[in-house]
Amino acid sequence: MKILLAIILSIILCPCTNAQKIITLEEAVEHVVQHTRRARSIRLSYENSTLRFHNFQKDFLPSISFKIAPFSFNRSFERLQNASDGSYSYVEDYNGSSSCGMFLRQKISATGGYIEMGTSLYYLREFNSNRNSFNSRPLYISLSQPLWGGRKSFRLNKAVEILNFSVATKRLIKSLADCQKETATLYLQAYIARNNVAYSKLMSLASDTILKHAKLELQYGRIAPHEYKQVELQWAEHAYQASLAKSTYEQSMHLLANYLESDNNFLLADITIKNHPFINVDIAYQHALSNNPQLLENELLLATARKRLYDAKNETRTSSSISLNYGINQYAHSISMAYRHPSQQQNAQITLSLPIFNWGINRNKRRMAENDFQQELINQEQSRNDFKLYIYRLSHDCNNAAKHLELALQAYQTAEETYIAMTRQYALARITIADLQETRNTLIEYKKTFDEALKNYVNDYYELRVLTLYDFKKHTDINFIIY
């Protein structure tokens, strides 16, 4: 291929080539997810989601806390009422106090309640009477929970939290895959710009040869002045296109280097045009079902709607809860006596809340929650069907783009060889400038077709790669590549 020869010659003649590294498309997409600030920012966001999920899990483990109030001072007058005659009097409240305690709290996932154990000590110093007093609670246990519905509420909430974490994980991979897709787009732009530089050089060399030959033909009167002007105009156009292609290539390389957060001291390797993997549409859809966060997000919305429906039913119907307390305590004027012969305390309470009449407001709330849930079911089914159709269409487009790319490359190579041969024929005066111009226009059209086919394939492949989170070339989930 003549363009490849021109590229090799330009690389050999470049004085700074020895300091430049050749980077492939695969290396570029791997670099962007491993060594850029953009990827680190995405991972930090995911780390926060991971920590929130871990906090949810650890919230059901026992928690121990210690509380202490080292000193509290109060000197004020308090108004008191006499119980016998109803008269008021003011007494001086002049004291200092301190307290401490240790508590253990455990949520009960099986019932949706919690249990708490603890011990505490309260000290009071009365300055007016110069007296100390201690109030101890060596042990107390309390249990509080709803009588029904707690376990199901816990299971629904747990399902929402697990889906939240799964969605965050898939979003991380999809965000990094989006970075890879953007890298591939920038790499492709720079790659096409590089080929345009080599193509422009090739056309300029041919135009130089044609222009020199046209000058001789004009001197000998074999061509008319207006035909020479056409050749000269073509030469000027090729010179302008060569300058424009170089400028576009430099800009494209700068954008790529900036996105990779690297210096612009590298060259691009050739993109493989042939032997692209055939994508089975059913397999692609199965990977999309397993990996794409959009479907998980739909499941999360459905789980959230199911939780809201259950909460709405609980809030608008009979509810009940139970609270049990048991403990021992003692009061004394010394700390040693405060822990001797403590008395027992028990407390039990059951509460029921039964709505009787509220003009149908609770019924409407339940219907609204039920409608939201049913609407979410319909939306999820429609979204799944639309997503399946899009995956099927994109898979077919990607396979067709691979075939078109190979055909476009073959047609472009043939048109290039034809143009070179026609240039020689023109130099031998066997064809006219109009014939050469027609061949040139044909070459330009085939090059545009090739560039467009290459763009379509790369865009379709990386779009499908993002949606399925699967690397069809390496036959593995992107999870294992990015981590």
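These numbers come from the heavy atoms of this one structure, side chains and all, not from hydrogens, waters or symmetry mates.
In this structure, Arg440 and Leu443 have side chains that are not in contact, with every pair of non-hydrogen atoms separated by 4.5 Å or more. Here the side chains of Ile192 and Lys455 are in contact, with some heavy-atom distance below 4.5 Å. Arg40 is listed as a side-chain neighbour of Arg37, based on a closest heavy-atom distance under 4.5 Å. Within the 4.5 Å cutoff, the side chain of Gln380 has no heavy atoms near those of the Leu301 side chain. In this structure, Asn291 and Asp477 have side chains that are in contact, with non-hydrogen atoms separated by less than 4.5 Å. Annotation: side chain of Leu469 is in contact with side chain of Pro293 (closest heavy-atom distance under 4.5 Å). Residues Tyr457 and His404 are not in side-chain contact: their nearest non-hydrogen atoms beyond the backbone lie 4.5 Å or more apart. Under the 4.5 Å side-chain criterion, counting only non-hydrogen atoms from C-beta, Ile108 is in contact with Leu143.
Between the CD atom in Glu299 and the CD1 atom in Ile162 there is a gap of 12.0 Å [rounded to 0.5 Å]. Distance CZ/Arg43 to CD/Gln34: 5.5 Å, rounded to 0.5 Å. Of the inter-residue distances, the one linking Phe450 atom CZ with Leu454 atom CG reads 5.0 Å to the nearest 0.5 angstrom. With rounding to the nearest 0.5 angstrom, the OG1 atom of Thr304 is 6.5 Å from the CG atom of Asn164. From Cys398, atom SG reaches atom CZ of Arg465 across 12.0 Å, with rounding to the nearest 0.5 Å. Rounding to the nearest 0.5 Å places CZ of Arg384 at 5.0 Å from OH of Tyr285.
With hydrogens and angles disregarded, a donor-acceptor distance shorter than 3.5 Å links the side chain of Asn456 to the backbone of Glu452. Side chain of Ser383 to main chain of Asn379: no donor-acceptor pair is present (N/O by atom type, distance under 3.5 Å, no hydrogens or angles). Judged by distance alone, with hydrogens and angles left aside, the side-chain atoms of Gln180 form a donor-acceptor pair with the main-chain N or O of Val29 at under 3.5 Å. No donor-acceptor pair closer than 3.5 Å links the side chain of Ser247 to the backbone N or O of Ser243. Remark: the backbone N or O of Cys179 is not paired with any side-chain donor or acceptor of Arg38 at under 3.5 angstrom. In this structure, the side chain of Gln106 engages the main chain of Phe60 through a donor-acceptor pair within 3.5 Å. Checking side-chain atoms of Asp471 against main-chain N and O of Thr476 turns up no donor-acceptor pair under 3.5 Å. At distances below 3.5 Å, at least one donor-acceptor pair connects side-chain atoms of Asn292 with backbone N or O atoms of Leu467.
The closest side-chain donor-acceptor pair between Gln413 and Glu417, if any, does not fall under 3.5 angstrom. Looking at Asp386 and Gln382, their side chains do bring a donor and an acceptor atom within 3.5 Å of each other.
Geometrically, Lys181 does not engage Tyr462 in a cation-pi contact defined by less than 6.0 Å to the ring centre and at most 45° from the axis. Geometric assessment of Lys473 against the ring of Tyr461 yields a positive cation-pi assignment under the 6.0 Å and 45° thresholds.
Comment: Arg171 engages Glu297 in a salt bridge, judged by a side-chain N to carboxylate O separation of less than 4.0 angstrom. With salt bridges taken as basic N to acidic carboxylate O contacts below 4.0 Å, one links Asp178 and Lys174. Using a cut-off of 4.0 Å between Lys/Arg side-chain N and Asp/Glu carboxylate O, Lys229 and Glu232 are scored as salt-bridged. Between Lys307 and Asp311 there is a salt bridge, since at least one side-chain N of the basic residue sits less than 4.0 Å from a carboxylate O of the acidic one.
Every ring pair (Phe, Tyr, Trp, His ring centres under 6.0 Å) that Tyr470 has, sequence neighbours left out, goes to His287, Phe472. Remark: Arg367 engages no residue in a side-chain hydrogen bond (donor to acceptor under 3.5 Å, both in side chains) (not counting sequence neighbours). With sequence neighbours excluded, the residues forming a side-chain contact (heavy atoms from CB on, under 4.5 Å) with Lys448 are Ile444, Glu445, listed by chain and number.
Contact between Ser49 and Phe165 at its shortest, heavy atoms only, is O-CD1, 4.3 Å.
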Inset, instruction - Carefully, step by step, assess Thr183 and His31 under the rule side-chain contact (heavy atoms from CB on, under 4.5 Å). - result: CA-CA 9 Å; Thr183 302; His31 174 88; over 6 Å; no
Inset, instruction - Dump the intermediate steps for side-chain contact (heavy atoms from CB on, under 4.5 Å) on Lys215 and Lys212, then the final yes or no. - result: CA-CA 5 Å; Lys215 286 181 179 179; Lys212 292 178 181 178; 5.8 Å; no
Inset, instruction - Using the side-chain hydrogen bond (donor to acceptor under 3.5 Å, both in side chains) rule, take Gln374 and Glu370 through it: C-alpha gap first, then chi angles, then the decisive distance, then the call. - result: CA-CA 6 Å; Gln374 294 298 329; Glu370 180 68 31; 3.0 Å; yes
Inset, instruction - Take Asp460 and Arg393 through the test salt bridge (charged side-chain N to carboxylate O under 4.0 Å, His left out) and record every step on the way to the result. - result: CA-CA 10 Å; Asp460 289 345; Arg393 182 178 64 81; over 6 Å; no
Inset, instruction - May I have the step-by-step check of side-chain contact (heavy atoms from CB on, under 4.5 Å) for Ile23 and Leu267, ending in yes or no? - result: CA-CA 6 Å; Ile23 181 172; Leu267 298 174; over 6 Å; no
Legend entry - Residue pair Leu255, Tyr259: steps toward the side-chain contact (heavy atoms from CB on, under 4.5 Å) verdict: CA-CA 6 Å; Leu255 290 175; Tyr259 196 81; over 6 Å; no
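Counting heavy atoms of neighbouring residues, nucleotides and ligands inside a 6.0 Å radius, atom NE2 of His254 does not exceed 12 of them. By the 6.0 Å contact criterion, OH on Tyr419 is enclosed, its count of non-hydrogen atoms from other residues, nucleotides or ligands being greater than 12. Atom OH of Tyr240 is surrounded by 12 or fewer heavy atoms from other residues, nucleotides or ligands within 6.0 Å. Other residues, nucleotides and ligands place more than 12 heavy atoms under 6.0 Å from the CD atom of Glu261. More than 12 non-hydrogen atoms from other residues, nucleotides or ligands lie less than 6.0 angstrom from CD of Gln425.
The side-chain contact (heavy atoms from CB on, under 4.5 Å) with Leu260 is formed by just one residue from the set Asn264, Leu256, Asp263; it is Leu256.
Ring orientation note: the planes of Tyr412 and Tyr199 are tilted relative to one another, at an angle of 30° to 60°.
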